[in-house]
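Notes to accompany the following structure.
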Amino acid sequence: MKMTMTQKIMAAHTDQAVYPGAYIHCDLDMLLGNDITTPVAIDAFQMHQHKEVFDRKKISIVPDHFTPNKDIASALQCQKVRRFVQEHKIEHYFEIGEMGIEHALLPEKGLVKSGDMIIGADSHTCTFGALGAFSTGIGSTDLAAAMVTGKCWFKVPEAIEVELIGKPNGYVSGKDVILKLIGILGVDGARYKSLEFTGEGISHLSMDDRFTISNMVIEAGAKNGIFPVDEKTKAYMDANHLDYPIYEADEDAIYIEKITIDLSTLEPIVAKPHLPSNIEKAAKLNHILIDQVVIGSCTNGRLSDLRIAAEILSGKKIKKGLRLIVFPATQKIYLEAMRAGYIESIIEAGGIVSTPTCGPCLGGHMGILGENEKCLATTNRNFVGRMGHVTSEIYLSSPAVAAASSLTGYITTPGGNYGEGL
Amino acid sequence: MGKVYKYGDHIDTDVIIPARYLNVHEPNQLAAHCMEDIDFEFKNTVKVGDVIIAGENFGCGSSREHAPIAIKASGIQCVIAKSFARIFLRNAFNIGLPVIESDCAYDEFNEKDEIEVDYGKGWMINKTTQKQYKVNPLPAFMMHIVEKGGLMNSIREER
């Protein structure tokens with residue numbers, strides 16, 4: 001008893017005693033690597049003369065960062081990954097054409113589900129917490145060790161309860177909720193801890209909203225961010241014909257802190273350079289002129305994100321001279337957005353649409369910033385130099401704010417009345 | 001013994017090694033760009049045995065193991081900070097870059113001070129001011145991984 005949802009899932013994956021602070025080894029249901037982190041894991045795997053992976057069906061490799069290969073060096077890294085995947089017959093490998101950004105792709109393919117214990121060599125692996133799974137980012141050597149043993153060590157985290165109440169207004173979305181939370185906690189306020197979402201407000205959040213929220217808990221330093229399983233979660237997983245266990249926190253679960261956010265009072269929020277915690281109401285930033293808008297990424301490249309953007313852009317033209325770059329997160333989302341007419345609305349407005357890639361979010365390719373340029377992005381980090389030149393600046397927002405701002409050329413709140421707010 | 005490089009709070013892995021250099025993963029190639037977005041001269045002046053001292057949440061952001069790899073390949077013997085982001089902490093231990101949590105180091109050392117550290121015995125000395133400080137021992141679980149020479153060696157033994 002007295003266990004949080006995270007601790008319950010850990011306990012179901014180990015024989016060891018689970019209590020905050022305990023070091024335990026857990027069995028894993030899914031491991032994830034990408035084209036940047038997997039080559040380092042392969043080196044570690046091979047250097048120690050390991051011959052076989054523990055389970056070729058429990059490893060997902062998604063080359064999504066510097067793909068389609070941005071240069072020769074990136075192509076060589078992808079070749080190294082491809083050879084490893086072929087040698088070990090790893091089942092879940094997604095070449096361009098069937099790929100997507102890993103954290104959007106795995107739920108879409110039904111490869112992760114509630115109750116799972118998941119690690120990924122990418123910090124935004126925490127995204128899958130939206131499904132009621134334990135999911136966290138680790139490094140390449142952890143991935144290599146887990147590919148051999150099927151296990152990973154964890155320090156059982158203490159928990160912070162995040163109670164969501166009320167119903168969000170107008171264009172307020174999951175992005176505004178998580179930026180608000182990071183603003184409250186700071187970029188290390190949840191360090192080593194789990195964030196456990198509770199409250200009736202969750203019922204007003206779509207699965208896409210929840211993925212966005214869980215995706216960015218790492219920006220508050222959290223180990224994971226987990227949602228309870230409700231009818232929306234079940235419907236999402238049922239669509240993939242999954243069998244899934246459901247874990248719930250004990251009523252007397254121990255939380256070291258409780259934060260309550262009333263969704264009905266939130267307004268569209270922007271994180272200013274150079275930390276995701278540096279938040280401000282979007283309405284107060286209409287003096288910030290922007291050179292580029294990026295809509296997409298593992299945070300906000302899902303179908304509902306593209307729909308909101310397309311609705312705002314539909315029939316209008318973006319500010320002349322501004323660059324609008326839109327990235328559907330997966331091939332499926334891309335196709336659905338095309339069939340729904342979203343892609344057409346975006347292109348007619350003057351934006352461009354790219355194949356799925358992490359690309360500009362981490363300053364890789366497809367939209368790198370020059371000297372002193374300002375970008376408003378629906379991505380997840382606005383650190384110094386993250387998207388390009390060391391003097392460039394990144395503002396983070398929802399797709400609604402990003403689309404509205406691309407029409408005006410400055411940070412703009414899409415229509416609506418937002419009450420008291422931040 | 002080495003000299004101190006001192007940085008503030010929330011030093012993220014994007015500035016430790018910018019993603020534009022992650023199209024390769026060979027340690028010396030990464031070290032050639034280590035810290036360059038906040039300290040362009042670091043890569044030119046760092047010597048084997050030097051130490052990084054920082055504030056809160058060192059290594060936050062991306063999970064890229066390239067960050068501790070770049071620091072280690074630069075010659076840095078250990079990183080001392082008020083606190084570390086959790087993925088960076090794991091990665092550092094897993095590849096054998098010692099990291100030390102210390103409340104006092106940030107206030108007691110200045111940039112370029114000479115430092116000597118013995119994490120086994122549990123002390124560090126500021127040779128510039130001739131003051132000695134205690135270093136907290138590692139949790140036994142983590143010490144085991146360090147003693148085995150990193151995570152891959154420790155799992156070899158367990159199998």
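Throughout, a chain's letter reflects where its sequence line sits, starting with A, and its residues are numbered from 1. The figures here come from the full heavy-atom set of this structure, side chains too, leaving out hydrogens, waters and symmetry mates.
Taking CG of A:D142 as the start and CD1 of B:I87 as the end, the distance is 9.5 Å to the nearest 0.5 Å. Atoms CG and OG1, from B:N94 and A:T141 in turn, are 5.5 Å apart once rounded to the nearest 0.5 Å. One finds the CG atom of A:D188 at 8.0 Å from the SG atom of B:C60 (value rounded to the nearest 0.5 Å).
Heavy atoms of B:F84 lying under 4.5 Å from chain A belong to its backbone as well as its side chain. Heavy-atom distances place both the backbone and the side chain of B:L22 under 4.5 Å from chain A. With a threshold of 4.5 angstrom between heavy atoms, B:P68 does not approach chain A through any atom at all. Only the side chain of A:I218 has a heavy atom closer than 4.5 Å to any heavy atom of chain B. With a threshold of 4.5 angstrom between heavy atoms, B:T13 does not approach chain A through any atom at all. For B:I38, no part sits under 4.5 Å from any heavy atom of chain A, backbone or side chain. Contact annotation for B:V15: only side-chain heavy atoms (C-beta onward) come within less than 4.5 Å of a heavy atom of chain A.
More than 12 heavy-atom neighbours from other residues, nucleotides or ligands sit within 6.0 angstrom of CG on A:D71.
Counting heavy-atom pairs closer than 4.5 Å to chain B, the top-ranked of the candidates A:L76, A:V40, A:L275, A:I368 is A:V40. Between chain B and the options A:V384, A:D43, A:V187, the largest number of non-hydrogen pairs under 4.5 Å is found for A:V187. Top candidate by heavy-atom pairs under 4.5 Å with chain A, chosen from B:N91, B:D37, B:D12, B:I95, is B:D12. Per-residue counts of heavy-atom pairs under 4.5 Å with chain B were compared for A:G385, A:G363, A:A145; the largest is that of A:A145. For chain A, the option among B:G61, B:A85, B:A140 with the highest count of heavy-atom pairs below 4.5 Å is B:G61.
A:R381 has no carboxylate O lying under 4.0 Å from a charged side-chain N of B:D14, or vice versa, which leaves the two without a salt bridge.
Between B:H25 and A:I36, every side-chain heavy-atom pair lies at or beyond the 4.5 Å cut-off. Proximity of A:H50 to B:M152: side-chain heavy atoms (C-beta onward) are separated by under 4.5 Å at one or more points. Two residues are said to be in side-chain contact when any heavy atoms from C-beta on lie closer than 4.5 Å; A:V390 and B:F40 fail this criterion. Counting heavy atoms from C-beta outward, A:I138 and B:R86 have side chains that approach closer than 4.5 Å.
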key: CA sep, side-chain torsions, deciding dist, call: B:R90, A:F154, side chain to side chain contact (heavy atoms under 4.5 Å, CB included)   = CA-CA 10 Å; B:R90 294 182 74 101; A:F154 299 100; 4.2 Å; yes
key: Steps toward side chain to side chain contact (heavy atoms under 4.5 Å, CB included) verdict (B:E56, A:R191)   = CA-CA 11 Å; B:E56 302 282 0; A:R191 203 160 34 84; 4.2 Å; yes
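Identified under the ring-ring contact (aromatic ring centres under 6.0 Å, His included) test for residues 100-119 of chain B, with sequence neighbours left out: B:F109-B:Y133.
A donor-acceptor pair shorter than 3.5 Å cannot be found between the side chains of B:E65 and A:T37. Side-chain N/O atoms of A:S140 and B:R64 include no donor and acceptor closer than 3.5 Å.
Taking the six-membered ring wherever Trp is involved, the centroid distance between the rings of A:Y23 and B:H144 does not fall below 6.0 Å.
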